[in-house]
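The basis for the numbers below is simple: all heavy atoms, side chains too, and nothing from hydrogens, waters or symmetry mates.
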Amino acid sequence: MKTKINLFFGLLLLSFIVAGENITAPDRNLAQKGSINVYASSDLFELALNWATEYGLVNPNQKINVLKSVSDKMPDQEMAGSGIGITGDLSKQQTAKQQAWMMVVGHDVIVPVMNVKNPMLDEICREGISPAGFLRLSGKIEKQSWLKLLVNSADKPDFPIHYYYMDDPEVVSGMNRFLNARWINPKGTKVANVSEMIAAIQNDPAALGFCKLIQVTDQANQVLVGNIKLVPIDKNGNGKIDFMEDIYSNLQTFSRGVWIGKYPKALSGNIYAVSNTKPRNESELAFLKWVLTDGQKFVNANGFSNLAYNERKAQLEKIGEPETHAALPNNSSHAIVKLILIVFLSLITVGFILDRMFRHIRNIRETELVHKSHLLPVLDENSIVIPKGIYFDKTHTWAFMKKNGLVKIGIDDFLQHVIGPVTRIEMKKSGEMLKKGELLLTIVQTGKQLSVYSPITGMITSENKTLKSQSSLLNKAPYAEGWVYLVEPKNWLLEVQFLTMAEKYKTWLNDEFSRLKDFLAKVLKGSSTDYELVVLQDGGALKDCVLSGLGPEIWEDFQTEFIDQSK
């Protein structure tokens, strides 16, 4: 066996030595420092030019060449060297290969709007209009009415619709995607431009129209323009705006709802920055970071929608992902030699692995059986560790006073079981003040995040810096190595009266499990059946790490409907 192993590694080393002589890193034709090439599709050229101009004002030594694509496509020959492409619809690109890297830098959202004095405003906001309702609006019906768009308001007085529209191919295209059918403008009043449409809707209580969100937004105050209200969309067609669809209370809530997928994706297109390989030139990375931060205000100024705060953070993290490079052969003859070596090496590797597998197959199977019994454990009251001597808060945090009077705090075992593996946390720093019921830390799991609130008031004397590099300690040892802060308490004698210990906490957890099951049943009702399989097992038991397999929209609802309700 020892001879086989030596032979294997000897051939492996030889292969890499020979192949290494014929392999070079890909030539990226990196832009010189201070020079960036930006290729923009025609509809985004003005936005790209605006970005370049404004970025140049704060970085006068930075040269940016903005080039308009010859069409709406982004051909490979335009991106052959280094550079960044700005495009809207990646499906329009006729490239020989899929773009190797992309990131979202903005949105282009189409919205239905109405007058705030609409006589049926309450019914419309309560029920919303489903895709089927909008489809009934499209066609050659002589007399259109708001009542025909609703489901549960048959007993209300009929009220006509005054439909306003303009020639906008993007709106028509978006409606085609949204309705999965051809959008035929109903009879209505044609207007020359957006300003005329907005003015007409502002002055007509019966008005309805479709436009871009940015066109009805007061940028200075981040609210909708006067007398305009978004028409709520009943995505699931159940005749009501349930809490999974309720994103229309204000512009900030709506923008967050667009980001996490609560608004129809067909009406929310993305603006992308793309590249053949992930940008690694310092000038390009600096420009992209600016686009995701200060440059976002120019997205709105050019008629598009900027990214929500959390989405900007997610895209900034994407810039920081490690880049992998594939080595390329210098010529075809070397490529053939390399291919033969790879095939030969692969055969040896497969043989070696099979030899080891057959020798240990029984042990492997037994180990797998034991392992599988722990992969999908049931999450219930018996799964939770409840140490004695620790105070617990209803925000699923804990506090423990040390002999020196400082209080150590962290998250409880219930919360870490529910959310699953933590990939990163955002912490406060020593010297900062904590207030009971306000932000303690933010837990991040591959882009999804959850805000956790403090059980007490006090000043942070030290933070657990180990968590920054080993955030998994929150899962492995939430009461030991996974502690978060040491705090000098300010109102301990008062606040400790609202905390619980041991048996009382265990009794309270029974209610929390019931509340968790109710929450999951509520948010997943009408969702994909795949979610149901992930969450509930036979007999209604919960799966451990129940939130881990769910999307950001469910995390958002868990924040507002479960965590925030406990404050």
Any residue meeting salt bridge (charged side-chain N to carboxylate O under 4.0 Å, His left out) with K190, in chain and number order, not counting sequence neighbours: D167

For K289, does the NZ atom sit with more than 12 other heavy atoms under 6.0 Å from it, leaving out its own atoms? no

Measure from the side-chain N and O atoms of N203 to the backbone N and O of A199, and report whether any donor-acceptor pair falls under 3.5 Å. yes

Please list, chain by chain and in numerical order, all residues satisfying side chain to side chain contact (heavy atoms under 4.5 Å, CB included) with A207, sequence neighbours excluded. Y164, I201, D204

Within the distance-only criterion (no hydrogens, no angle test), does the side chain of N270 pair as donor or acceptor with the backbone N or O of Y272 below 3.5 angstrom? no

Sequence neighbours excluded, which residues qualify as salt bridge (charged side-chain N to carboxylate O under 4.0 Å, His left out) partners of D557? K262

Please report the closest heavy-atom contact between V225 and D218, naming both atoms and the distance. CG1-N, 3.9 Å

Is there a donor-acceptor pair closer than 3.5 Å between any side-chain N or O of N193 and the backbone N or O of S195? yes

So, does W483 use its side chain to make a donor-acceptor pair with the main chain of P478 at under 3.5 Å? no

Report the residues that fulfil side chain to side chain contact (heavy atoms under 4.5 Å, CB included) with T461, sequence neighbours left out, ordered by chain and then residue number. L406, L486, E488

Selection residues 418-449 - residue pairs positive for ring pair (Phe, Tyr, Trp, His ring centres under 6.0 Å), sequence neighbours left out: none

Suppose the criterion is salt bridge (Lys or Arg N to Asp or Glu O under 4.0 Å): which pairs have a residue in residues 414-425, not counting sequence neighbours? E317-R424, R424-E426

Parallel, tilted or perpendicular: ring planes of H396 versus F414, cut at 30 and 60 degrees: parallel

Pairs where residues 209-234 contributes a residue and the test ring pair (Phe, Tyr, Trp, His ring centres under 6.0 Å) is met, not counting sequence neighbours: F134-F210, W183-F210

Using the side chain to side chain contact (heavy atoms under 4.5 Å, CB included) criterion, which residues pair with T446? Sequence neighbours excluded. T423, K448

One thing to verify: whether D234 and K240 come together as a salt bridge, which I'm taking to mean a side-chain N less than 4.0 angstrom from a carboxylate O. no

Can a donor-acceptor pair be found, under 3.5 Å and without considering hydrogens, that links the side chain of Y485 to the backbone of L440? yes

Please say whether more than 12 non-hydrogen atoms of neighbouring residues, nucleotides or ligands are located less than 6.0 Å from NZ in K235. yes

Report yes or no: does K212 contribute a side-chain atom to a donor-acceptor pair with the main-chain N or O of V171 at less than 3.5 Å? no

Tell me yes or no: between the side chains of S566 and R515, is some donor less than 3.5 Å from an acceptor? yes

Who pairs with D393 by salt bridge (charged side-chain N to carboxylate O under 4.0 Å, His left out), at least two apart in sequence or on another chain? K436

Which heavy atom in S268 sits nearest to a heavy atom in V109, and how many Å separate them? OG-CG2, 3.9 Å

Judged by atom type as modelled, is there a donor-acceptor pair below 3.5 Å linking the side chain of S471 to the main-chain atoms of L467? no

Going by the rule side chain to side chain contact (heavy atoms under 4.5 Å, CB included), which residues pair with N50 if we only count those two or more places apart in sequence or in a different chain? E54, F298, N302

With sequence neighbours excluded, residues passing salt bridge (charged side-chain N to carboxylate O under 4.0 Å, His left out) with K229: none

Scanning both residues in full, the closest heavy-atom pair of Y453 with Q559 reads OH-NE2, 3.3 Å

Residues that H417 engages under ring-ring contact (aromatic ring centres under 6.0 Å, His included), provided they are two or more places apart: none

Can a donor-acceptor pair be found, under 3.5 Å and without considering hydrogens, that links the side chain of E463 to the backbone of M427? no

Carefully, step by step, assess D242 and N236 under the rule side chain to side chain donor-acceptor pair (under 3.5 Å). CA-CA 9 Å; D242 50 45; N236 57 19; 3.2 Å; yes

Please determine whether side chain to side chain donor-acceptor pair (under 3.5 Å) holds for the pair N115 and Q202, giving the CA-CA distance in whole Å, both sets of side-chain angles, and the decisive distance to 0.1 Å. CA-CA 6 Å; N115 190 289; Q202 287 177 317; over 6 Å; no

Treating Y55 as the side-chain partner and Q62 as the backbone partner, does any N or O pair qualify as donor plus acceptor under 3.5 Å? no

What class does the angle between the rings of F254 and Y263 fall in, given that below 30° is parallel, 30 to 60° is tilted and above 60° is perpendicular? perpendicular

Short question: side chain of T217, backbone of L213 - any donor-acceptor pair under 3.5 Å? yes

With side chain to side chain contact (heavy atoms under 4.5 Å, CB included) as the test, pick out the partner of L434 among T457, I409, L441. I409

